[in-house]
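Shown next, in structure tokens, is the structure this report addresses.
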Amino acid sequence: MTMVTIDEIRAAAETIAGEVVRTPALRSRRLAEATGAADVVLKLENMQFTGSFKDRGALNKLKSLTPEEARAGVIAMSAGNHAQGVAYHAQRLGIPATIVMPQGTPFTKVERTRSFGARVLLQGDGIDAAAVFARDLAKSEGLCFVHPYDDPKIIAGQGTIGLELIADAPDLDTLVVPIGGGGLIAGIAIAAKALKPDIEIFGVECALYPSMHHAIRGLPPASGGQTLAEGIAVKSPGVITKAIIERLVTDILLVGEDPLEQAVQMLVERQKIVAEGAGGAGLAALIADPARFAGRRVGVVICGGNIDSRMLAQVLMRGLVRDSRVVTLRIEITDAPGVLANLARLIGDTGGNIIEIHHQRMFYDLPVKKADVDAVVETRNADHVREIVTALTEGGFPTRLMSSRSVDLPA
């Protein structure tokens, strides 16, 4: 089994120095307070030029090619971030690049990859199917295959994050790192454990794709479904990375879609940081299991920020609904002139802001001279929602809540 050493990671750091961003490690008091950790330090790999940590491993691998391999060109399969890292640095180095991406890859990642001059081919319904196609094409066209995670040069490149994080925040006792195929956490674990043997390292996978979690525990594969964290939605973990993770990582945590959405929302609202679903997976683990990290000094790797704008907008709006800051109220009114103005005044007097309003006159369970109004209202919090509902009910407008899971109304 090929293993990567701290010396190879240090060599990778020298190889890529000045050609990738040395990303900041940001201490976040707000996130520490929200999750119960003693300290939270965010390693902002979303600030790389292509928006993810993949720049590091891709550059380290490309600079290791022989002149003959570089002239022939490279091929990679990726859901987006590895694709951009390979395409960008191949363009810089004058190496022809072909990228195979699964069908259904977010548009923003496809277009960014093409913008770096790569030939982009959309094949297969996931990374594994894309990988089969890419390997076949590599053989037929004589291209060098650049694996997204199961390659010593890739792992060493990603491990430079660990060198930087421990240098910038030496007091950390815990690291939380997303896992797709395992290249990121494998490299970081080698570096961090070499520099600070007592540090604990936790991996995070989305619950729909627990490939490394199951592989290490000897469980049958059970991956599939639509996830916000498509960047770590990997069905087949690496062989090299699995061996490293088994040796150095304390545990692998699984997070559902709700904590992933909350993490993306929290990073935007509390830190003004844009992360994709995979990029926020480390914070999602703290949100999902705060007791595990209570009192710890935690380094969280924000591994990527390439989220589709439409998806980000949906996540933020769903977050407002989750937090009861946007609610839909169904309000019973008399269908008569001036009534709607009265209703709007009551909501306004309580400080609520009406975003949308719709009459529902055609319900068969309503008398003909009655109507239901669905009002989408912006509020401060759950207490404010209760205040608005009470004011409406006492004002003669029976009201029920249609859209929030976090508000208990009085009987």
Side-chain angles (χ1 to χ4, degrees), residues 6 9-10 13 20-48 52-57 155 157-180 182-205 229 231-232 241 244-245 248-253 255 259-260 263-264 266-267 270-271 273 275-276 278-305:
I6 183 65
I9 293 173
R10 288 186 172 120
V20 300
V21 179
R22 194 194 188 288
T23 56
L26 174 70
R27 291 188 184 271
S28 174
R29 189 173 68 186
R30 290 187 182 94
L31 295 182
E33 291 171 352
T35 60
D39 197 8
V40 172
V41 176
L42 305 176
K43 181 60 170 167
L44 299 180
E45 285 298 296
N46 59 320
M47 295 182 68
Q48 290 292 348
S52 93
F53 74 97
K54 293 287 190 176
D55 275 20
R56 297 172 182 264
I155 294 168
Q158 322 306 23
T160 59
I161 297 169
L163 296 180
E164 294 175 9
L165 187 49
I166 298 302
D168 291 346
D171 58 336
L172 295 175
D173 55 50
T174 306
L175 300 182
V176 184
V177 186
I179 297 179
L184 175 65
I185 194 171
I188 288 175
I190 293 166
K193 283 287 191 179
L195 297 171
K196 194 169 184 179
D198 292 338
I199 199 165
E200 282 202 282
I201 301 168
F202 293 87
V204 185
E205 291 186 297
I232 54 173
T241 58
I244 296 169
I245 291 167
L248 299 178
V249 173
T250 299
D251 199 3
I252 297 175
L253 312 177
V255 294
L260 287 167
V264 171
M266 192 178 290
L267 285 166
R270 303 197 186 195
Q271 291 298 145
I273 290 169
E276 60 192 274
L283 178 59
L286 272 66
I287 293 169
D289 192 1
R292 185 185 293 263
F293 301 101
R296 292 179 180 243
R297 298 186 178 279
V298 187
V300 178
V301 179
I302 306 300
C303 62

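Going from atom CG of L184 over to atom CD1 of I161 covers 5.0 Å, rounded to the nearest 0.5 Å. Here the straight-line distance linking atom CE of M266 with atom CD of Q271 works out to 10.0 Å at 0.5 Å rounding. Distance check, rounded to the nearest 0.5 Å: CD1 of I232 to CD of E205 gives 7.0 Å. Atom CG of residue L172 and atom CD1 of residue I199 lie 5.5 Å apart, to the nearest 0.5 angstrom. The distance from the OG1 atom of T160 to the CZ atom of R10 is 12.5 Å, given to the nearest 0.5 Å. Here N46 contributes atom CG and I273 contributes atom CD1; the two are 6.5 Å apart, rounded to the nearest 0.5 Å.
Heavy atoms only, all atoms of each residue included: I9 and A191 are closest at CD1-N, 3.9 Å. Residue C303 comes nearest to A278 through the heavy atom pair SG-O, 3.6 Å, listed as atom of the first residue, atom of the second, then distance. The shortest non-hydrogen separation linking R56 to V21 is NH2-O, 3.5 Å. Here the closest heavy-atom approach between residue V249 and residue G203 is recorded as CG1-N, 3.9 Å. Among all heavy-atom pairs drawn from A284 and A263, the shortest one is N-CB, 3.7 Å. Across every non-hydrogen atom of R292 and D251, the tightest pair is NH1-OD2, 3.5 Å.
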Legend entry - V301/F53 under side-chain contact (heavy atoms from CB on, under 4.5 Å): CA gap, chis, key distance, verdict: CA-CA 9 Å; V301 179; F53 74 97; 5.9 Å; no
Inset, instruction - Please step through side-chain contact (heavy atoms from CB on, under 4.5 Å) for the pair D173 and D198, ending with a clear verdict. - result: CA-CA 7 Å; D173 55 50; D198 292 338; over 6 Å; no
Inset, instruction - Before giving the answer on side-chain contact (heavy atoms from CB on, under 4.5 Å), spell out for L42 and L267 the whole-Å C-alpha distance, their side-chain angles and the decisive distance to 0.1 Å. - result: CA-CA 10 Å; L42 305 176; L267 285 166; 4.0 Å; yes
Legend entry - Steps toward side-chain contact (heavy atoms from CB on, under 4.5 Å) verdict (I245, I252): CA-CA 9 Å; I245 291 167; I252 297 175; 4.1 Å; yes
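With sequence neighbours left out, the side-chain contact (heavy atoms from CB on, under 4.5 Å) criterion links R22 to E164, A167, D168.
A 4.5 Å side-chain heavy-atom check between T241 and I185 finds every atom pair outside the cut-off. Residues L286 and L31 are not in side-chain contact: their nearest non-hydrogen atoms beyond the backbone lie 4.5 Å or more apart. Within the 4.5 Å cutoff, the side chain of P170 has no heavy atoms near those of the K196 side chain. At a threshold of 4.5 Å between non-hydrogen side-chain atoms, the residues F293 and T35 do not count as touching.
Annotation: R27, atom CZ; neighbour count of heavy atoms from other residues, nucleotides and ligands within 6.0 Å is above 12.
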